[in-house]
S.K.: 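My structure is below; once you've seen it, I'll send some questions.
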Amino acid sequence: MKIKSRTKVKEALTTGKLDREITVKGWVRTRRGNKNIAFIALNDGSTINNIQIVADVPDFPEDLLRQVTTGASIAVTGVLAPSQGKGQNVEIRAQSIELYGAADPLIYPLQKKGHSLEFLREIAHLRPRTNTFGAILRLRHAMSYAIHKYFNDNGFYYLHTPIITGSDAEGAGEMFRVTTLDMTNPPKTPDGKIDFGKDFFGRETNLTVSGQLEGELGALALSEVYTFGPTFRAENSNTPRHLAEFWMIEPEMAFYDITDNMDLAEDFLKYIVVYVLEHCEDDLEFLNNMYDKELLQRLNQVISTDFVRTTYTEAIDILNSSGVKFEFPTHWGSDLQSEHERYIVEKHYKKPVMITDYPKKIKAFYMKQNDDGKTVRALDVLFPRIGEIVGGSQREEDLQKLENRISELNIPREELWWYLDTRRFGTAPHAGFGLGFERMMLFITGMSNIRDVIPFPRSPNNAAF
RNA sequence: UCCUCCUUAGCUCAGUUGGUUAGAGCACCUGACUGUUAAUCAGGGGGUCCUAGGUUCAAGUCCUAGAGGGGGAGCCA
């Protein structure tokens, strides 16, 4: 499909078919020049690179060029020609310029100078027009596509798990309530509680915190499935690594054990990195130069090394014999804190680490219990700079063991009858994990705040745009 | 939620031991320049010093509270 009479900037810059008349459309990044000649840097989002428009000022109405300022949207028709100046190979000699929309330079917030990421967060409606967010959004798309392609090519089916859930048993975090009840005067039960039986679904409902449980239902029928959708956590987390609304990828595979799970996680993560290195060179180079001089080096290192595979118990031993004084002392049974994870990944191994076999006390009910009676087949993948990027496990497929664990943790069993049915009928070994999409974005882009790798971030006290 | 730092022009920031009319760079406006590269050069306009109290002869500067933001921690992906 081709839009008649419009050439994308990316194509114009790379086509090699010179001395032909083309039309480009986009937004002005800068305009400079004098009363005889004007240079306009035009960008349409198809690439981080701008195309240079050259206009002989006397050929155009004075009023028109005056309005061609940073942020304005224009269409330019002219001849694509080798550039006379340095800095670009080709340029367009403008024959006609049409102004779609001016951007009053007195009040347009974006300037041709750099802006702080904090300032850009306040104008999230305009920040896609910056080099940085153009690069990030193109990478976000490329990664999404790579994820679907990877799973499709490997025989996985994309399963759409529900956004609205009646299950409160997953335990992955605080949930957002979904209701149509009148909040100023909700119906009450005889004992004074809110009567959710009168709510839209006839029960309490929330936004999903994970598609995993439903993912398991799919895996125990289609063998390999994955979800890729929005996920909601109402935790009051104020960190550069947490969002209230984020996207999560959750593959779930029948007949996989914990080792298969690790093999998949490593292969999958490397595939995404290879994909963006091959398809997003310009954007990555820009981010490498502007934000993180070691970005490309780190990405290349990840794909050329085997991830370390170790156990929780070994990790504790490493920490205890490290000689490092941690703020939180480590002992077998305590959860690994950020400082511990960082030491393991960044100081001890200096590469991605997969840790398995955590104490069952600190992990979720559905994880497969090991024969030692103390640990479960959990899997955390830790990345340098990011920390935990993947959390998963082999799942407990034994009905009796699963029910026992549910009882021990006082989880309401009746809400999980459908989940337990999978163990009752044709149960099978299976495993899966969750990848935080924006965490992966942080790693790929070198950005340091998760609010800068999603177009419109939602976090405590912030749902603007 | 806890700890900590920050908030001065449209943006990024300086502002000394509290002391006259609060500064710079960029942006913007005007002018100059026949090919620029975040163009350059000259000139100009632009301020609720986050808000509310307080201390003081005097507060951008010190104190208290609040709001917003950054970083760290917890929760996790």
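Below, chain A is the first sequence line, B the second, and so on; all start at residue 1. Treat the numbers as computed from the prediction; the structure is a model and nothing was measured.
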S.K.: Please state whether the phosphate of B/G72, meaning OP1 or OP2, lies under 4.0 angstrom from any side-chain nitrogen or oxygen of A/Ser338.
M.R.: no

S.K.: Is any side-chain nitrogen or oxygen of A/Arg121 closer than 4.0 Å to OP1 or OP2 of B/G70?
M.R.: yes

S.K.: If you measure from the C1' atom in B/U7 to the same atom in B/U51, how many Å do you get, rounded?
M.R.: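 11 Å, rounded to whole Å.
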
S.K.: Could you identify the nucleotide paired to B/U1, looking across every strand shown and requiring Watson-Crick or G-U wobble geometry with both distances under 3.5 Å?
M.R.: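 Partner of B/U1: B/A73.
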
S.K.: Report yes or no: do A/Tyr256 and A/Gln394 form a side-chain donor-acceptor pair below 3.5 Å?
M.R.: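 No, no side-chain donor-acceptor pair sits under 3.5 Å.
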
S.K.: Please state whether the rings of A/Phe383 and A/Phe443 are parallel, tilted or perpendicular, taking 30° and 60° as the class boundaries.
M.R.: perpendicular

S.K.: Mind checking the C1' distance from B/U1 to B/G19? Whole angstroms is fine.
M.R.: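 To the nearest whole Å, 43 Å.
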
S.K.: Mind checking who B/G68 pairs with, Watson-Crick or G-U wobble, both distances under 3.5 Å?
M.R.: B/C6

S.K.: Does A/Asn449 reach a base, just sugar-phosphate, or nothing at all? Heavy atoms under 4.0 Å.
M.R.: sugar-phosphate

S.K.: Between B/G46 and B/A9, how far is it from one C1' atom to the other, in whole Å?
M.R.: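 Pairwise C1' distance, B/G46 against B/A9, rounds to 6 Å.
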
S.K.: Between A/Arg66 and A/Glu62, does at least one N-O distance fall below 4.0 Å, as a salt bridge requires?
M.R.: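 A salt bridge links A/Arg66 with A/Glu62.
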
S.K.: Give a yes or no on whether a salt bridge exists between A/Asp380 and A/Lys363, defined as a side-chain N under 4.0 angstrom from a carboxylate O.
M.R.: yes

S.K.: Hunt down the Watson-Crick or G-U wobble partner of B/C62, both distances under 3.5 Å, from any strand shown, or write none.
M.R.: B/G54

S.K.: Mind checking who B/G46 pairs with, Watson-Crick or G-U wobble, both distances under 3.5 Å?
M.R.: none

S.K.: For B/U12, does OP1 or OP2 lie under 4.0 Å from any side-chain N or O of A/Ser116?
M.R.: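 So the side-chain polar atoms of A/Ser116 do come within 4.0 Å of the phosphate oxygens OP1 or OP2 of B/U12, strictly under.
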
S.K.: What parts of residues 125-139 of chain A reach RNA chain B, counting only heavy atoms under 4.0 Å away?
M.R.: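 Within residues 125-139 of chain A, no residue comes under 4.0 Å of RNA chain B.
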
S.K.: Write down the distance between CG (A/Asn238) and P (B/A67), rounded to a whole number of angstrom.
M.R.: 13 Å

S.K.: Sticking with atom C1', work out how far B/G23 lies from B/G45, rounded to a whole angstrom.
M.R.: 16 Å

S.K.: Do A/Asn36 and A/Val57 come within less than 4.5 Å of each other through their side chains, counting heavy atoms only?
M.R.: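 Not touching, per the 4.5 Å side-chain cut-off.
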
S.K.: Answer yes when A/Asp263 and A/Arg309 have at least one side-chain N-carboxylate O distance shorter than 4.0 Å, and no when they do not.
M.R.: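 Looking at A/Asp263 and A/Arg309, the cut-off is met.
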
S.K.: Between A/Arg138 and A/Asp282, does at least one N-O distance fall below 4.0 Å, as a salt bridge requires?
M.R.: no

S.K.: Give a yes or no on whether a salt bridge exists between A/Arg177 and A/Glu204, defined as a side-chain N under 4.0 angstrom from a carboxylate O.
M.R.: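 Here A/Arg177 pairs with A/Glu204 in a salt bridge, since their nearest N and O are under 4.0 Å apart.
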
S.K.: Could you check how far CZ of A/Arg451 sits from P of B/A77, rounded to whole Å?
M.R.: 19 Å

S.K.: What's the gap between B/G43 and B/A67 when it is taken at their C1' atoms, as a whole Å value?
M.R.: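 Here B/G43 and B/A67 have their C1' atoms 40 Å from each other.
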
S.K.: May I ask you to list the residues of residues 240-248 of chain A, by number, that have any heavy atom positioned under 4.0 Å from an atom of RNA chain B?
M.R.: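 Residues of residues 240-248 of chain A under 4.0 Å from RNA chain B: A/Pro240, A/Arg241, A/His242, A/Leu243, A/Phe246, A/Met248.
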
S.K.: Can you give me the N/O atom pairs linking the protein to nucleotides 26-36 of chain B at distances under 3.5 Å, or say none if there are none?
M.R.:
unit_1, atom_1, unit_2, atom_2, d
B/C33, OP2, A/Lys35, NZ, 3.0
B/U34, O4', A/Asn36, ND2, 3.2
B/G35, OP1, A/Asn34, ND2, 2.7
B/G35, O6, A/Gln84, OE1, 3.2
B/G35, O6, A/Gln84, NE2, 3.1
B/G35, N1, A/Glu91, OE2, 2.8
B/G35, N2, A/Gly85, N, 3.3
B/G35, N2, A/Glu91, OE1, 2.5
B/G35, N2, A/Glu91, OE2, 3.1
B/U36, O2', A/Arg32, NE, 3.3
B/U36, O2, A/Arg32, NE, 2.5
B/U36, O2, A/Arg32, NH2, 3.2
B/U36, N3, A/Gln52, OE1, 2.9
B/U36, N3, A/Gln52, NE2, 3.1
B/U36, O4, A/Gln52, NE2, 2.5
B/U36, O4, A/Gln88, NE2, 3.0

S.K.: Do the charged groups of A/Arg405 and A/Glu408 touch, with an N to O distance under 4.0 Å?
M.R.: yes

S.K.: Heavy atoms only, 4.0 Å cut-off, all strands: where does A/Ser237 land among base, sugar-phosphate and nothing?
M.R.: base

S.K.: Between A/Arg377 and A/Asp357, does at least one N-O distance fall below 4.0 Å, as a salt bridge requires?
M.R.: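 The answer is no: the pair does not qualify as a salt bridge.
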
S.K.: In whole Å, what separates the P atom of B/A14 from that of B/A32?
M.R.: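 B/A14 and B/A32 have their P atoms separated by 37 Å.
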
S.K.: Salt bridge check, A/Arg395 against A/Glu252: does any charged N sit closer than 4.0 Å to a carboxylate O?
M.R.: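 A salt bridge is present here (some side-chain N lies under 4.0 Å from a carboxylate O).
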
S.K.: Report yes if a donor N or O on one partner sits less than 3.5 Å from an acceptor N or O on the other, where the partners are the side chain of A/Arg233 and the base of B/A77; otherwise report no.
M.R.: yes

S.K.: Let's test this: given Watson-Crick or G-U wobble pairing with both distances under 3.5 Å, identify the partner of B/C13.
M.R.: B/G23

S.K.: Using 30° and 60° as the class limits, which term best fits the ring planes of A/His340 and A/Phe326: parallel, tilted or perpendicular?
M.R.: perpendicular

S.K.: Does B/A38 have OP1 or OP2 under 4.0 Å away from a side-chain N or O of A/Arg31?
M.R.: no

S.K.: Nearest nucleotide by nearest heavy atom, which residue falls closer to the 5' end of RNA chain B, A/Thr30 or A/Ile450?
M.R.: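 Checking each residue's closest nucleotide, the 5'-ward one belongs to A/Thr30.
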
S.K.: What's the CD-P distance between A/Gln337 and B/C76, to the nearest Å?
M.R.: 10 Å

